[in-house]
Amino acid sequence: MPNRIKLNPRHQKIYSIVCEIPKGCVSTYGDIARFAGYPRCARLVGVALRSAPDDLNIPWHRVINAQGKISFSKGSDKAQIQQQRLEEESVVFMSGVVNLRQYGWAGNIDKDLWQM
DNA sequence: GCACTGACTCCCA
DNA sequence: ATGGGAGCCAGTG
């Protein structure tokens, strides 16, 4: 990913993590924050993604909250776009909720690798 | 530098 | 299962 844009190291770290999310998978703010090295900074992820320029092509739509839902207000433009993009990646929304057990990227490694 | 806000999360009623 | 409240850390004004 191009890092020509000068941003805070934390943000860049978060961007890197988000970019590592494989297609067809989703992750949560809390998990990404953990991977980035900021266990309690779920909000920071939100701030970072909000500041994320489109130039980087950040797959921010693969980032959802711990409930498996979109953090935006229902009916919000971004929420619509996010869901649509995920569906295009074979991520199925059931009642507006993503099954993290199945699509959760962090979920695959969280149990064994991050169990401490 | 202080105070408020937030694309969050967790716990309890 | 659902709803409400407190905690958390950074960013922004």
Side-chain angles (χ1 to χ4, degrees):
Chain A
M1 80 182 236
N3 55 349
R4 58 197 321 198
I5 302 172
K6 64 179 196 297
L7 292 169
N8 294 336
R10 295 185 178 88
H11 287 204
Q12 289 193 8
K13 183 69 177 180
I14 291 169
Y15 298 152
S16 297
I17 301 297
V18 176
C19 290
E20 290 299 317
I21 300 173
K23 178 183 177 185
C25 293
V26 296
S27 188
T28 65
Y29 295 95
D31 287 336
I32 291 171
R34 259 184 289 179
F35 299 147
Y38 307 96
R40 277 25 181 200
C41 297
R43 290 182 174 277
L44 178 60
V45 178
V47 174
L49 291 178
R50 189 169 209 301
S51 300
D54 293 342
D55 298 7
L56 298 177
N57 293 322
I58 304 288
W60 58 269
H61 52 271
R62 292 175 189 157
V63 182
I64 55 181
N65 62 19
Q67 300 177 11
K69 297 179 185 174
I70 295 173
S71 297
F72 297 107
S73 300
K74 182 182 179 185
S76 205
D77 290 344
K78 289 185 176 180
Q80 298 286 332
I81 294 170
Q82 184 171 15
Q83 181 174 346
Q84 185 175 351
R85 288 191 179 182
L86 287 176
E87 288 178 344
E88 289 179 359
E89 297 189 356
S90 302
V91 177
V92 178
F93 277 78
M94 297 182 303
S95 302
V97 180
V98 176
N99 189 340
L100 291 174
R101 297 280 288 179
Q102 183 174 2
Y103 298 104
W105 171 58
N108 291 332
I109 60 179
D110 183 46
K111 294 169 184 60
D112 295 324
L113 195 63
W114 297 84
Q115 62 176 335
M116 71 176 282

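- Among residues at least two apart or in separate chains, there is no salt bridge (Lys or Arg N to Asp or Glu O under 4.0 Å) pair with a member in residues 13-28 of chain A.
- Listed by chain and number, the residues in a side chain to side chain contact (heavy atoms under 4.5 Å, CB included) with Ala79(A) are Ile70(A), Phe72(A), Ser76(A) (sequence neighbours excluded).
- The nucleotide range of DNA chain C contacted by chain A, defined by atoms under 4.0 angstrom from heavy atoms of the protein and reported 5' to 3', is dG7(C) to dT12(C).
- When rounded to the nearest whole Å, the span between OH of Tyr38(A) and C1' of dA7(B) equals 19 Å.
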Under 3.5 Å, which N/O atoms of the protein pair with N/O atoms of nucleotides 1-6 of chain B?
from, atom 1, to, atom 2, distance (Å)
dG6(B), N9, Arg43(A), NH1, 3.1
dG6(B), N3, Arg43(A), NH1, 3.3

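- Remark: Gln84(A) engages Glu88(A) in a side chain to side chain contact (heavy atoms under 4.5 Å, CB included) (not counting sequence neighbours).
- Summarising the geometry, the separation between CD on Gln67(A) and C1' on dA7(B) is reported as 13 Å, rounded to the nearest angstrom.
- Arg40(A) places its CZ atom 10 Å from the C1' atom of dT9(B), with the value rounded to the nearest Å.
- The side chain to side chain donor-acceptor pair (under 3.5 Å) search around Gln82(A) returns none, not counting sequence neighbours.
- In this entry the distance linking NZ of Lys69(A) with P of dT9(B) reads 12 Å, nearest Å.
- The side chain to side chain donor-acceptor pair (under 3.5 Å) check on Glu89(A) picks up His61(A), Arg62(A), with sequence neighbours excluded.
- Shown here for Val91(A) and Tyr103(A), the closest heavy-atom pair between the two residues is CA-CE2, 4.0 Å.
- A search for side chain to side chain contact (heavy atoms under 4.5 Å, CB included) contacts involving Val97(A) returns Lys69(A), not counting sequence neighbours.
- Scored by the side chain to side chain contact (heavy atoms under 4.5 Å, CB included) test, Asn57(A) finds no partners at all (sequence neighbours excluded).
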